[in-house]
Student: 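So that we are looking at the same thing, I have put the structure below in structure tokens.
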Amino acid sequence: MDLCFKILDANMNTKAVSKGVDEVSLVYSQAYAQGDRIILEMSGENVFVWLQMDDALGRALVYITGNVEYIIPFGEQRVNLSPKVFYGTRHLLYARIAKEYDVAGYRNLAVNVYDQHQMRDCYPHAVANVETRRETVFAARNAIDGVVVNHCHGEWPYQSWGIGRQDDASIKIEFGRIVEVDRIVLYTRADFPHDNWWKSVNFFFSDESSYEMKMEKSALPHEIEFPAKQIRWLEMNHMVKSDELSPFPALTQIEVYGREVHSPIVRTIEI
């Protein structure tokens, strides 16, 4: 499959480009500027890819249904990331079409360090009906970035999904294809006494089933197991806050464990 990395500026002018077959690398030896974005173009779709937009963030195994655009964050938009990310004048981008053995095992299907609000072709993807004050440190994507440090709140590595005191808050994890899952692990934020905690939360699945998770006040992970089910997405909702005074329960990380149902389907297209 043909792969192509491009770096574009705010006016969509090309600043760098690199092409490859099934695998591509791009070394960019300049500092990023406001408005820059990374594009990964492919001659196929519906495929698993090892994706690295920045060497400090590392590689992520993602499911891609079309060309991917990643906007380089600046200012407040990057406070949920390590200060090393997208910094300096030497950057290494990489992408490789995944092998069957890369995706066949039992794993956390909900992690994606490259998730962004506007992404609709790179999965998993997190979306919520509220994010506290629309601040990046409380964005939904923080709940699937793989960081489980939960004893504080705020800038990296303490980013989380904040519900803005909204009683009907919900977060949805979209997988972009059918997966089989049987276990969910939650790391709830535990910056006590600043934080509150949930006595229970509900998980609603795309197959219209649901499960309730009972929880206790703890910084340790909360886990629920259930009979394996095939789904395209799940939503966490109906979160019941404890009676403590703090109005601030929050989610640090959600992990969803399972396996792929089908091998990736690859369809050739022109780019």
Student: Heavy-atom distance under 4.5 Å between the side chains of Asp2 and Val21, does that happen here?
Tutor: yes
Student: Just grab all the salt bridge (Lys or Arg N to Asp or Glu O under 4.0 Å) pairs involving residues 17-27, residues at least two apart or on different chains.
Tutor: none
Student: Any carboxylate oxygen within less than 4.0 angstrom of a Lys/Arg side-chain nitrogen, looking at Glu260 and Arg177?
Tutor: yes
Student: Sub-3.5 Å donor-acceptor pair from the side chain of Arg120 to the main-chain atoms of His117, do we have one?
Tutor: yes
Student: Crowded around Arg134 CZ? As in, over 12 foreign heavy atoms under 6.0 Å?
Tutor: no
Student: Side chains of Glu69 and Asn67: any donor to acceptor distance under 3.5 Å?
Tutor: no
Student: Could you tell me whether the side chain of Arg90 reaches within less than 4.5 Å of the side chain of Val27, counting heavy atoms only?
Tutor: yes
Student: Measure the CG-CD distance between Asn150 and Gln253 for me, rounded to the nearest 0.5 Å.
Tutor: 10.0 Å
Student: Below 4.5 Å, heavy atoms only, C-beta onward: do Met236 and Trp161 meet side chain to side chain?
Tutor: yes
Student: Could you walk me through whether Tyr211 and Glu225 satisfy the side chain to side chain contact (heavy atoms under 4.5 Å, CB included) test, starting with their C-alpha distance in whole Å, then the side-chain angles of each, then the deciding distance to 0.1 Å, before giving a yes or no?
Tutor: CA-CA 10 Å; Tyr211 284 95; Glu225 295 183 57; over 6 Å; no
Student: Return a table of donor-acceptor pairs under 3.5 angstrom between the side chains of residues 189-196 and protein atoms on other chains or two or more places apart.
Tutor:
| residue | atom | partner | partner atom | Å |
| --- | --- | --- | --- | --- |
| Arg189 | NE | Asp195 | OD1 | 3.2 |
| Arg189 | NE | Asp195 | OD2 | 2.9 |
| Arg189 | NH1 | Ser160 | OG | 3.0 |
| Arg189 | NH2 | Asp195 | OD1 | 2.7 |
| Asp191 | OD2 | His153 | ND1 | 2.6 |
| His194 | NE2 | His153 | NE2 | 3.4 |
| Asp195 | OD2 | Asp191 | N | 2.8 |
| Asn196 | OD1 | Ser242 | OG | 2.3 |
| Asn196 | ND2 | Glu244 | O | 3.1 |
| Asn196 | ND2 | Ser246 | O | 2.6 |

Student: For side chain to side chain contact (heavy atoms under 4.5 Å, CB included), just list the numbers for Tyr63 and Val103, CA-CA rounded to whole Å, side-chain angles, deciding distance to a tenth of an Å, and then say yes or no.
Tutor: CA-CA 10 Å; Tyr63 183 71; Val103 303; over 6 Å; no
Student: Please list, chain by chain and in numerical order, all residues satisfying salt bridge (Lys or Arg N to Asp or Glu O under 4.0 Å) with Arg165, sequence neighbours excluded.
Tutor: none
Student: So Tyr123 and His125, would you call those rings parallel, tilted or perpendicular, with 30° and 60° as cut-offs?
Tutor: perpendicular
Student: Which heavy atom in Asp9 sits nearest to a heavy atom in Arg37, and how many Å separate them?
Tutor: O-NE, 4.4 Å
Student: Given side chains that start at C-beta, do those of Val111 and Asp145 come closer than 4.5 Å, heavy atoms only?
Tutor: no
